[in-house]
Amino acid sequence: MTDALSRLLADRDWLMADGATGTTLFNMGLQSGDAPELWNTDHPDRIRTLYRGAVDAGSDIFLTNSFGGTAARLKLHDAQSRVGELNRSAAELGREVADAAGRPVVVAGSMGPTGEIMAPMGPLTHETAVEMFHEQAEGLKEGGADVLWVETISAPEEYRAAAEAARLAQMPWVGTMSFDTAGRTMMGVTSSDMVTLVGKLDHKPLAFGANCGVGASDLLRTVLGFSAMGPEIPVVAKGNAGIPKYVDGHIHYDGTPELMGQYAVLARDSGAKIIGGCCGTTPEHLRSMRAALESTPHGPRPTLEQIAEQLGGFSSASDGTGDAPVAQRPRRRRRG
Ligand SMILES: [Zn+2]
């Protein structure tokens, strides 16, 4: 396989992904409740600016503006008939920016969760989920995405459906989950569960890992959990810029560029090969991350204490693996 991401992974010790899409678009005037994907055709210049922001800050990989581009999500905006068009434009604009970068930059076709609960707990069947992801994947492929990038997934069933869709579209893919509930995903998946899940897939991702969640510290604890399992596939760390705080009616992330630089180095030392940011991560944060990664030699794997000391404490006492199953059970039942 000679896709662009595999080539970069083979050539380099680490790769830098991008930062926030939502945060950046809100700063450009997107209103909460609007579908960001509509901007791919309504405001293509703003989407080019979003992509260029990441590329100019040193990202080797950036995600397309298509996180909510499945029919299930677009239906909320009565745009379910435009899946092909909106995903294709997201990738075409990305292709344009990446090809003008003057160095290899990977266009990753972002695919977020459908927003529906999957069977057996909810109404969304495996077949329908595969069909929706496949429709989106074909649009991204047609627009020139190098790789599909599935993120913020909570349910193992949905991760498997996305893998199946990538296989049908004959596309390489990357898939990350969001560990936002005391070290687990909302559907109860732990870091070690995810390594096992990925290992059993027929169409394996080129890389897997964690994105978003709570703060950068929690995300690195999850990455250490992946590394402890000795995974064969490269690990992705895409953490938020600090901890989300509600200030004057909007969400503010308290992580400074300096802090995100430290986070990037700790992520690499924790075993991540692809390092980026998620919510709150601006091009300024990315620049600081790139500089820190380039100027700091590889160090030993950090301890949880070192992570907490540099980035702040964890949101929960445990990462959800191992010794707290009794405390977890009632919570999972309630969410189901
Ligand atoms: Zn996020």
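Remember, it's a predicted structure, so these values are computed and weren't measured experimentally.
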Quick test of your reading of the model: are Glu164 and Arg167 salt-bridged, counting only N-O distances below 4.0 Å? yes

Between Glu258 and Ser288, does any side-chain donor sit less than 3.5 Å from a side-chain acceptor? no

Verify, without hydrogens or angle tests, whether Thr185 (side chain) and Thr181 (backbone) share a donor-acceptor contact under 3.5 angstrom. no

Is atom CD of Glu232 surrounded by more than 12 heavy atoms (other residues, nucleotides or ligands) closer than 6.0 Å? no

Presence of salt bridge, Asp13 and Lys273, under 4.0 angstrom: no

Using the side-chain contact (heavy atoms from CB on, under 4.5 Å) definition, which of the options Asp42, Ile47, Leu74 pairs with Glu37? Leu74

Heavy-atom pair with the smallest gap, counting every atom of Pro302 and Ser270: CG-OG, 3.4 Å

Do Tyr263 and Ile243 sit in the same hydrophobic cluster, where Ile, Leu, Val, Met, Phe, Trp and Tyr count as joined when their side-chain heavy atoms come under 4.5 Å apart? no

Contact between Phe179 and Asp218 at the side-chain level, heavy atoms closer than 4.5 Å - yes or no? no

Could you check Leu5 against Ile61 for side-chain contact (heavy atoms from CB on, under 4.5 Å), going step by step and ending with a plain yes or no? CA-CA 8 Å; Leu5 180 56; Ile61 302 163; 3.8 Å; yes

Between the side chains of Thr176 and Asn211, does any donor sit under 3.5 Å from an acceptor? yes

Could you verify whether a donor N or O on one side chain and an acceptor N or O on the other, from Thr282 and Arg287, lie under 3.5 Å apart? no

Specify the closest pair of heavy atoms between Met186 and Ser154, including all atoms of both residues, with the distance to one decimal. CB-OG, 3.9 Å

Looking at CZ of Phe314 and OG of Ser217, how far apart are the two atoms once the value is rounded to the nearest 0.5 Å? 5.5 Å

Measure from the side-chain N and O atoms of Arg268 to the backbone N and O of Leu293, and report whether any donor-acceptor pair falls under 3.5 Å. yes

Closest heavy-atom pair and its distance - Ser89, Asn40: CB-CB, 3.9 Å

Would Arg290 and Asp60 count as a salt bridge (Lys or Arg N to Asp or Glu O under 4.0 Å) here? Give the steps. CA-CA 10 Å; Arg290 180 96 203 182; Asp60 300 298; 3.0 Å; yes

When Glu85, Arg88, Glu92 are each screened for side-chain contact (heavy atoms from CB on, under 4.5 Å) with Glu142, the one that passes is Arg88

Report the distance from atom CG of Leu15 to atom CD1 of Ile275, rounding to the nearest 0.5 Å. 8.5 Å

Between Met177 and Thr152, is any pair of side-chain heavy atoms under 4.5 Å apart? no

Shared ILVMFWY cluster between Trp39 and Leu76, side chains joined below 4.5 angstrom? no

Heavy-atom side-chain contact between Asp319 and Arg221 under 4.5 Å: yes

For Tyr159 together with Phe208, are the ring centres under 6.0 Å from each other? no

Tell me, do Leu224 and Leu304 make a side-chain contact under 4.5 Å, heavy atoms counted? yes

OG1 of Thr114 to CZ of Arg73: how many Å apart, nearest 0.5 Å? 8.5 Å

Decide whether Met121 and Leu124 are clustered together by the hydrophobic rule: side chain heavy atoms of Ile, Leu, Val, Met, Phe, Trp, Tyr closer than 4.5 Å, transitively. no

Which atom of Lys238 lies closest to which atom of Gly19, heavy atoms considered: NZ-O, 3.6 Å

Closest approach of Leu168 and Glu138, non-hydrogen atoms and distance? O-OE2, 4.1 Å

Hey, does the side chain of His203 reach the backbone of Pro172 with a donor-acceptor pair shorter than 3.5 angstrom? no

Set out, in order, the CA-CA distance, both residues' side-chain angles and the distance that settles side-chain contact (heavy atoms from CB on, under 4.5 Å) for Leu286 and Met16, then state yes or no. CA-CA 9 Å; Leu286 291 171; Met16 195 171 86; 3.9 Å; yes

Can you tell if the side chain of Met289 reaches within under 4.5 Å of the side chain of Thr281, non-hydrogen atoms only? yes

Student check: side-chain heavy atoms of Val198 and Pro231 closer than 4.5 Å: no

Give the C-alpha distance, both sets of side-chain angles, the deciding distance and a yes or no for side-chain contact (heavy atoms from CB on, under 4.5 Å) between Thr321 and Ser191. CA-CA 7 Å; Thr321 57; Ser191 53; 3.8 Å; yes

Looking at Ser6 and Thr2, would you say the former's side chain and the latter's main chain have a donor-acceptor pair under 3.5 Å? no

Thr24 side chain to Asn27 side chain, donor-acceptor N/O pair below 3.5 angstrom: no

Using 0.5 Å steps for rounding, measure from the CG atom of Leu220 to the CD atom of Gln310. 10.0 Å

For residues Thr21 and Asn65, is any side-chain donor paired with an opposing acceptor at under 3.5 Å? no

How long is the gap from OG1 on Thr70 to CG on Leu86, to the nearest 0.5 Å? 11.5 Å

Is it true that the side chains of Thr41 and Arg82 contain a donor and an acceptor less than 3.5 Å apart? yes

Between Arg160 and Asp202, does any side-chain N to carboxylate O distance fall below 4.0 Å? no

Electrostatic pair Arg95:Asp99 at N-O distance under 4.0 angstrom: yes

Does atom CD (Gln80) have a neighbourhood of more than 12 heavy atoms from anything else shown, all under 6.0 Å? yes

Hydrophobic clustering (ILVMFWY, side-chain heavy atoms < 4.5 Å, transitive) - are Met111 and Met194 grouped together? yes

Do the side chains of Asp3 and Met171 get nearer than 4.5 Å, heavy atoms only? no

Which atom names give the shortest non-hydrogen contact between Leu140 and Thr64, and what distance separates them? CD2-OG1, 3.8 Å

Short question: side chain of Ser59, backbone of Ala17 - any donor-acceptor pair under 3.5 Å? yes

Within the structure provided, determine whether Cys212 and Cys279 are in side-chain contact (heavy-atom separation under 4.5 Å). yes

Classify the side-chain pair Thr190/Asp193 by whether it contains a donor and acceptor separated by less than 3.5 Å. yes

Donor-acceptor pair, distance only, cut-off 3.5 Å: does the side chain of Asp269 make one with the backbone of Gly299? yes

Mind checking whether Val236 and Val105 sit in one hydrophobic cluster, side chains of I, L, V, M, F, W, Y counted as touching below 4.5 Å? no

How many angstroms lie between atom CZ of Arg301 and atom OG1 of Thr303, to the nearest 0.5 angstrom? 12.5 Å

Is the side chain of Lys204 donor-acceptor paired with the backbone N or O of Leu201 at a distance under 3.5 Å, no angle test? yes

